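Below: the structure, in structure tokens.
All values below come from the heavy atoms of this structure, side chains included, with hydrogens, waters and symmetry mates left out. Please read these numbers as outputs of a predicted model, since none were measured by experiment. Along the sequence shown, residues are numbered consecutively beginning with 1. Atoms within a ligand are numbered from 1 in the order they appear, just like the ligands themselves.
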Amino acid sequence: MSRLNPRITHARIQWWLAAVLAGALQAAAILPFWGAPEAFLGLAAGLAVLVAVLAGIVGGPLAGALAAGIGWALFFVFLADRKLEAIPALAPWAGSAVVAGLVADRLLRKRSERARQAAELEAVRSASSQAIVSLAPDGTITGWNEAAEALYGYGADEIVGRSVLLLATDELETLLRRADEEGLATAEAVHAAKDSTELVVGARVSSMRGEDGAVAGFVLTTSDIGASVEARERLRAAESRHRTLVERLPLVTYVHPPGERGPLLDVSPQIEGLLGYSPEEWRSEPELFARLLHPDDRARVLAEVAAAADGARMLRSEYRMLTRAGDVVWLRDEAAPVRDASGRVAYVQGALLDVSERRRAREEHESLLARVKASRAEAGAKQQNLDFLAEASGVLSSSLDYETTLRRVADLVTRDLADWCMVDVLEEDGRLRRLAVAHAEPLQGGPNGGRPAPEPEPTVAEVVRSGRPRLVAGGDGPEPTTLGELEADSWLCVPLVARGRPLGGVTLVSDGSGRAYGPEALALAQDLARVAALAVDNARLYREVEERADAARVLTYVGDGVFLLDRGGVVRLWNPAAEVITGLAASAVVGHAAAEAMPGWQGLAERIPVVSSREPGRAETVPLDTGKGERWISISGVEFFGGTVYAFRDVTEERQLDELKAEFVATASHELRTPLAAVYGAAQTLRRHDFVLDEAGRDRFLSLIVDESERLSRIVNEILLANQLDADRLDVSQEPFDPIDLVERVVDSVRMHTPPGVSVEITGPPVLPLVGADRDRARQVLVNLLENAVKYSPDGGTIEVGLEAREGVVAFSVTDEGLGIPADHHERIFEKFYRLDPDMTRGVGGTGLGLYICSELVSRMGGRIWLESAEGKGSSFFFELPISEPELVRTTGAGADDAQGSPHLD
Ligand code: ADP
């Protein structure tokens, strides 16, 4: 007890001591005045009161009262002689002592309280981990504890007396002002330590006020919160990260109190997107969870949640929930209890994940698996069908002989699908022919042991005609299963159709094997029919194309022009001969209307006879305008279902020849008649007796007869020779002769009857090689050319006969200064009957056979003939004959006999 309250013990001792001491002092003050004169009574009383007051001050009011009582009692007994008048003095006597005691006691208490407080403050200050800085009202530091020393680094001795603003100017100033106004101010601030490092501190300033209310100073407490600020920041960042993370997670997190899942404590906002109910609704509606559970899952899930509610184990469940919109969402729910430090379940934390997609995928996967299983079985059967079709296709494509391949397919069908298989094909004439009848080996034999008919049954014909398959399933069906005469169990017939055209039919019959055909068999048969029809069509097309190609090939090599017009009058074919004759390229004509492509076709078409039978029709010769001028064609047409085929020949040459012949007949008759008339006239004259001719006159008439007869015979000879040449009945010999000699002799004979004004000259080298040819024919050629030169020089002139040795040949030339021949006639001048002036407007007659004969003879002798001429400029005719082998040389004139043993040839 005394240990706990030392102050009380101490006070009591003091009190007793003061009381005893005061009693002793009272005795010492009173007793000396015992018996002293009455004047000293007052002094004694005064001393005694003083002592009592002192006792009161030192020992407190009780001690004062005791001392005053002792003093007064001594005074009353010893000095006042117990007079009653002294009794009233007791009250002020004791009162002053008590008052003094009370006052002293109070003062004493106050002081000790202050001391205690100071001590306490000091203790707090030094014990505090916070820096405590005492400040004078002006901010001068008056106190600085150890924590401040540790925090700021200043020792108390160096900082006390300096301004607190040293630590942080502005902030502290504000803080002090606020503390001044409000009594207390706090702030987080940055202070500077002695070594200038910055300190993040929590600062608190409280003002101390004196009894007068004025500020007596401040206490600043600061603590280093740098670490805790950082920690708080980190915590806040971590929290926000966590929040963001939670809110961004593709799942919903939730927290609910332990026990059953009632209202949620917390739930991430994604819940609203997932189920349509806001987090607030989840927090406030306790029944929401149970209500939204899919009815089929509700009982199970609630039981699972309840089982996991005590926190003993985790909840792991998948279930359906209904959204606000009424959709079904599959969720995976995983929840685990979170325990507090004592191990009790504080709350349950869980996550909901939308697994609808996965669920759907799984369901789909499962249904797919089931389907795959089902279709695998189906595929087995299909595979067999495919194998069969592949085999059949292989057979069908193995050859273009479709009749054989179809028979083999029928065999295949009876191996795998039927007891009988018939294949019927539609012929081009529209007849349906039974191509194949195959049966299974060994033949099962139907109830009647019947066979299919060798001809297609009407039912089959109907299928082919309509293009619609027919299936008679058999069994207990209402339809009779007979096919023609055949009693079958079941049968089916499918048409062969390609490019929309019926080609035939395939019939499958089950007769004895007990097969019953259904839609699947029908589908397979149709597939087979498609492949077969394609093969038949292909083969036929191929054959057709081949035939056409052959025809086209033939047409390519045919010399006659052939073209085809379709029903629309468009040219579809134009063979090379047609190109050559007309000069129109196939590319420019084919595909165009004939009227556009062939000039003048419109007018011609009407004249061309077209027959519709295959008999050759009569041809018509018509003129056709071509790029090369007018050509005459002999053309006829044959009409067929696709259009008209025209065939034509170029008869321009024949036509011209015909014309020439006609002219020749006219000219020849004139040529023959003239000399005949002359001979006749001369003979008549000679025979006359009415007048006598003298010798000269008779000679004249006789030579006229001779000349004209020669002319006649020349004409007849020409005609005969031309005929011989035509018939190729003319022989030409080949012997060496001297060209110079030949020329000289011919010129000599011609000169005999050249008209006046015409002279004939020979030019050429003195020596020439011998020519190897028929001398007479060469002579005839030369004579013809010379006579023409004379004949067509009506105005006279010089005719030059030239000779020249060239490479392996000797060239003869006859050049006149006569009429000349225009260039456009040069090409034809050597043709039979060709004459420049058929009507003899220039009065020069001729048969038109001379040059023809010349050219024929020259070419038969192995030479060539040509001319150079222009109208009015005279003409030069040239011909070459080969040099004789071995080469024999003869000189003209005097040197003739110096030839080295060369024979003389004339
Ligand atoms: P013809 O009996 O008409 O003379 P030819 O065959 O000898 O028959 O000659 C054919 C044509 O060639 C003659 O009609 C004539 O127009 C022309 N002709 C031939 N030789 C000459 C020539 N030297 N000068 C001009 N025209 C000629």
Give the atom numbers and elements of ligand 1 that come within less than 4.0 Å of a heavy atom of [X].
X      : answer
Ile821 : 25 (C), 26 (N), 27 (C)
Ile829 : 12 (O)
Leu836 : 14 (O), 16 (O)
Tyr834 : 10 (C), 11 (C)
Leu849 : 6 (O), 8 (O)

Sidechain N-carboxylate O distance under 4.0 Å for [X], [Y]:
X      : Y      : result
Arg745 : Asp748 : no
Asp728 : Arg860 : yes
Arg543 : Glu428 : yes

**Pairs involving residues 739-788, ordered by first then second residue, that meet ring-ring contact (aromatic ring centres under 6.0 Å, His included) (sequence neighbours left out)** = none

For ligand 1, is [X] a contact, meaning one of its heavy atoms is under 4.0 Å away?
X      : result
Ala789 : yes
Lys791 : yes
Phe830 : no

**Message:** I want to confirm something. Looking only at heavy atoms, which of Asn788, Asp816, Ile715, Val790 is nearest to atom 19 (C) of ligand 1?
**Reply:** Asn788

**Asked** Can you tell which part of Leu785 has a heavy atom less than 4.0 Å from ligand 1: side chain, backbone, both or neither?
**Response** neither

**Asked** For ligand 1, does Val814 get within less than 4.0 Å through its side chain, its backbone, both, or neither, judged by non-hydrogen atoms?
**Response** neither

Do any N or O atoms from the side chain of [X] and from the backbone of [Y] form a donor-acceptor pair under 3.5 angstrom?
X      : Y      : answer
Thr621 : Ser634 : no
His826 : Ile821 : yes
Glu630 : Asp625 : no

**Message:** Once salt bridge (charged side-chain N to carboxylate O under 4.0 Å, His left out) is applied, do any residues pair with Arg655, and if so which ones, sequence neighbours excluded?
**Reply:** Glu659

**Request:** Compute the ring centroids of Phe648 and Phe563, then answer whether they are less than 6.0 Å apart.
**Result:** yes

**Request:** Give a yes or no on whether the ring-centroid distance for Trp601 and Tyr646 is below 6.0 angstrom.
**Result:** yes

Taking N or O atoms only and a 3.5 Å limit, does [X] qualify as a polar contact for ligand 1?
X      : value
Gly820 : no
Tyr792 : yes
Leu851 : yes
Gly848 : yes

